[in-house]
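Not measured: the values here are computed from a predicted model.
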Amino acid sequence: MGRAARNCRFGMKFSGGPSAAQSNRHIDQLKEMFMHRRHFITLAIAVSAVPWVSLSAANAAERDIFSTASFEAAQQRGARILVDISASWCPTCKAQKPIVDKLAEQPSNKDLVIFAVDFDSQQSVVRQLRAQSQSTLIAFRGKAETARSVGDTDPDSIAALVQSTLAK
């Protein structure tokens, strides 16, 4: 028996609801409405996040892979510099990374320049900086070395090392 018309127990016909085609059309309209709503919500979230992303990027320290030319240019302009000598296989380096990342995001360190040195592939730089091992952090203010640490994973002492670059 079809859905459009049914006999009730008294023999009278009545409309029992929409036909299958009408139901499918209604379901398609609802799906389309929810899809548009989902796209709108996704777009609204993305647009609302833009100021936060650009604000945090504007307050973050400058990060660079070490090159002698960039390092010397930063020294010449008297920049606050942190050299991070690390190796991909080093567990201490992996523990230092989130600490350095957090310090780099602080607005007070937006003028800090962080140079990454790969211990394995940049051995000439490691020797130039007189580093003996990976997990070495070296702080500079211009050409003057202000502090150095090896194997340190204490957030407070790494913060103090970065703060040493503020001294003129």
Side-chain angles (χ1 to χ4, degrees), residues 28 30-168:
D28 289 342
L30 286 172
K31 284 181 183 176
E32 187 174 338
M33 181 183 75
F34 282 117
M35 188 175 307
H36 287 298
R37 185 176 294 164
R38 195 171 329 143
H39 283 112
F40 173 76
I41 291 170
T42 303
L43 180 63
I45 290 170
V47 168
S48 67
V50 168
W52 291 103
V53 171
S54 62
L55 180 63
S56 66
N59 288 333
E62 179 184 336
R63 291 179 168 274
D64 231 339
I65 294 175
F66 187 95
S67 76
T68 302
S70 297
F71 179 67
E72 288 175 354
Q75 284 186 314
Q76 289 289 33
R77 68 177 190 267
R80 296 174 58 213
I81 302 168
L82 177 65
V83 177
D84 182 1
I85 301 172
S86 64
S88 59
W89 48 265
C90 170
T92 304
C93 302
K94 288 178 180 155
Q96 288 175 333
K97 186 177 180 350
I99 298 166
V100 172
D101 288 346
K102 189 173 181 179
L103 290 168
E105 293 170 2
Q106 292 178 354
S108 61
N109 291 325
K110 70 181 178 186
D111 61 338
L112 181 69
V113 181
I114 301 172
F115 288 105
V117 177
D118 183 75
F119 182 77
D120 296 317
S121 66
Q122 293 181 294
Q123 275 295 308
S124 63
V125 175
V126 172
R127 282 190 296 277
Q128 173 190 338
L129 295 168
R130 297 179 326 276
Q132 301 296 314
S133 67
Q134 72 284 351
S135 72
T136 300
L137 300 171
I138 310 169
F140 293 87
R141 177 61 184 236
K143 292 183 179 185
E145 183 176 321
T146 59
R148 179 181 290 241
S149 73
V150 179
D152 188 3
T153 57
D154 177 47
D156 293 334
S157 62
I158 294 174
L161 179 128
V162 169
Q163 287 296 107
S164 74
T165 63
L166 292 171
K168 288 196 177 193

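The CG atom of N109 sits 6.0 Å away from the CD atom of Q163 when rounded to the nearest 0.5 Å. One distance of note links SG of C90 with CD of Q96; it measures 7.0 Å at 0.5 Å rounding.
At least one donor-acceptor pair under 3.5 Å links the side chain of D154 to the backbone N or O of S157. Of the possible polar contacts, one joining the Q122 side chain to the F66 backbone as a donor-acceptor pair under 3.5 Å is found.
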Sequence neighbours left out, cut at 3.5 Å: what donor-acceptor pairs do the side chains of residues 123-138 make with other protein atoms?
unit_1	atom_1	unit_2	atom_2	d
Q123	NE2	F119	O	2.4
S135	OG	G151	N	3.3
T136	OG1	S133	O	2.6

Donor-acceptor pairs are to be reported for all side-chain atoms of residues 70-78 against protein atoms at under 3.5 Å, with residues two or more places apart or in another chain.
unit_1	atom_1	unit_2	atom_2	d
S70	OG	S67	OG	2.9

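Considering all non-hydrogen atoms of both residues, L161 and A139 come closest at O-CB, 3.5 Å. Between D152 and S149, the closest heavy-atom pair is CB-OG, 3.9 Å.
Note on R63 versus D84: no salt bridge recorded, every NZ/NE/NH1/NH2 to OD/OE distance being 4.0 Å or above.
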Q: Show your working on side-chain contact (heavy atoms from CB on, under 4.5 Å) between T153 and T92 and close with a plain yes or no.
A: CA-CA 7 Å; T153 57; T92 304; 3.7 Å; yes
**Q.** Derivation of the side-chain contact (heavy atoms from CB on, under 4.5 Å) call for F140 and V83
**A.** CA-CA 8 Å; F140 293 87; V83 177; 3.9 Å; yes
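Partners of I99 by side-chain contact (heavy atoms from CB on, under 4.5 Å), not counting sequence neighbours, listed by chain and number: L103, P155, I158.
Looking only at side-chain heavy atoms (C-beta outward), V162 and L112 come within less than 4.5 Å of each other. For the pair R80/V113, no side-chain contact is recorded, criterion being any heavy-atom separation below 4.5 Å from C-beta on.
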